[in-house]
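Accompanying notes for the structure given below.
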Amino acid sequence: GAVVSQHPSRVICKSGTSVKIECRSLDFQATTMFWYRQFPKQSLMLMATSNEGSKATYEQGVEKDKFLINHASLTLSTLTVTSAHPEDSSFYICSARDPGTRNSPLHFGNGTRLTVT
Amino acid sequence: DQQVKQNSPSLSVQEGRISILNCDYTNSMFDYFLWYKKYPAEGPTFLISISSIKDKNEDGRFTVFLNKSAKHLSLHIVPSQPGDSAVYFCAASARGGATNKLIFGTGTLLAVQP
């Protein structure tokens with residue numbers, strides 16, 4: 001079945017540094033990937049839609065200059081948290097849908113726990 | 001504005017009994033609904049979905065019911081097993097939308113007691 005792989009699973013960084021998170025579709029090509037964020041005991045909030053070969057679409061309230069998204073190939077999207085601050089600490093999850101499978105649901109990676117100290 | 005709501009943050013059920021998780025939505029454009037199961041520090045895992053042209057979809061122990069007039073859906077798990085203990089999220093999308101993005105509810109923590 002479709003698998004989405006996310007790396008790293010956990011990262012700790014110092015305030016002011018940048019962190020890159022990778023999301024890969026392992027056995028299908030995804031022209032669109034979605035980045036979500038989950039704060040403790042809260043829902044998954046959509047941050048942005050990553051589009052292969054074009055600019056990402058950001059949800060209202062999400063700073064595009066802070067959360068840089070690059071979807072350079074049909075199997076890889078990256079999210080870079082720039083100049084991270086402690087309030088950026090969260091659980092980031094990417095997802096993608098297999099366009100080759102009818103009615104394919106959204107498949108999620110295992111998430112990245114970001115802690116900014 | 002929470003378009004998808006799960007009003008019960010937690011639910012405790014005895015093993016072997018039925019678990020019923022509820023979800024309400026406000027956006028009448030939603031026409032595709034899904035349930036996901038999530039363990040801590042992991043991504044959500046797809047369970048079951050339903051299109052708005054149906055009112056019921058069943059897959060093994062899992063059944064999803066949709067009441068469009070009430071903008072309400074529910075997930076029934078029977079019989080419940082201890083391994084079902086997790087957070088359950090309902091999600092909705094308007095498939096006619098350009099990106100088919102999913103909007104998630106706030107989740108319900110299900111605890112199945114042995």
Side-chain angles (χ1 to χ4, degrees), chain A residues 1-11 21 23 30-52 54 56-62 71 90-99 101-115, chain B residues 1-10 21 23-27 30-54 57 59 62 64 75 86-109:
Chain A
V3 177
V4 174
S5 174
Q6 192 171 336
H7 177 81
S9 58
R10 188 184 302 265
V11 59
I21 303 169
C23 180
T31 55
T32 303
M33 291 185 177
F34 302 90
W35 286 95
Y36 286 82
R37 176 171 58 187
Q38 185 187 25
F39 290 105
K41 297 184 179 181
Q42 293 189 24
S43 182
L44 289 84
M45 301 300 296
L46 179 65
M47 298 176 65
T49 302
S50 172
N51 304 299
E52 189 270 335
S54 65
T57 305
Y58 290 82
E59 295 300 302
Q60 189 174 13
V62 178
H71 195 148
S90 187
F91 191 59
Y92 294 86
I93 317 173
C94 71
S95 61
R97 183 180 289 111
D98 182 358
T101 301
R102 179 179 168 80
N103 294 328
S104 171
L106 209 55
H107 295 281
F108 286 83
N110 271 336
T112 298
R113 170 69 60 191
L114 171 64
T115 303
Chain B
D1 177 28
Q2 190 72 29
Q3 297 184 66
V4 180
K5 302 177 184 179
Q6 293 174 256
N7 292 319
S8 298
S10 64
L21 299 119
C23 180
D24 298 290
Y25 61 97
T26 57
N27 190 338
F30 288 148
D31 56 6
Y32 188 57
F33 306 89
L34 307 91
W35 283 94
Y36 283 83
K37 176 181 178 181
K38 185 180 181 300
Y39 295 112
E42 292 185 12
T45 302
F46 169 73
L47 276 177
I48 192 169
S49 63
I50 188 167
S51 165
S52 60
I53 62 173
K54 296 185 176 181
N57 188 26
D59 183 2
F62 302 92
V64 56
L75 174 69
V87 177
Y88 288 78
F89 289 96
C90 69
S93 74
R95 297 180 80 181
T99 60
N100 296 153
K101 60 187 181 185
L102 287 184
I103 306 299
F104 282 83
T106 48
T108 297
L109 174 62

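Both backbone and side-chain heavy atoms feed into the values below; hydrogens, waters and symmetry mates do not. Below, chains carry the letters A, B, ... as their sequence lines are ordered, and counting in each starts from 1.
- The shortest non-hydrogen separation linking B:Lys37 to B:Ala86 is CG-CB, 3.7 Å.
- Looking at A:Ile93, the atoms closer than 4.5 Å to chain B (heavy atoms on both sides) all sit in the side chain, from C-beta outward.
- Comparing B:Ala41, B:Gly107, B:Pro40 by how many heavy-atom pairs each has under 4.5 Å with chain A, the most go to B:Ala41.
- For B:Leu102, the parts lying under 4.5 angstrom from a heavy atom of chain A are both the backbone and the side chain.
- Taking the ring centroids of B:Tyr36 and A:Phe108, they lie under the 6.0 Å cut-off.
- Residue A:Leu46 touches chain B through its side chain alone, counting heavy-atom pairs closer than 4.5 Å.
- Heavy atoms closer than 4.5 Å to chain B are found nowhere in A:Gln6, neither backbone nor side chain.
- Within the 4.5 Å cutoff, the side chain of B:Phe89 has heavy atoms near those of the B:Lys38 side chain.
- Ring to ring, B:Tyr25 and B:Phe33 are close: their centroids are under 6.0 angstrom apart.
- Counting only heavy atoms from C-beta outward, the side chains of A:His71 and A:Met33 approach each other to under 4.5 Å.
- Of the atoms belonging to B:Tyr39, not a single heavy atom falls under 4.5 Å from chain A.
- The contact between A:Glu59 and chain B is made entirely by side chain atoms (from C-beta outward), counting heavy-atom distances below 4.5 Å.
- A donor-acceptor pair shorter than 3.5 Å can be found between the side chains of B:Asn27 and B:Gln3.
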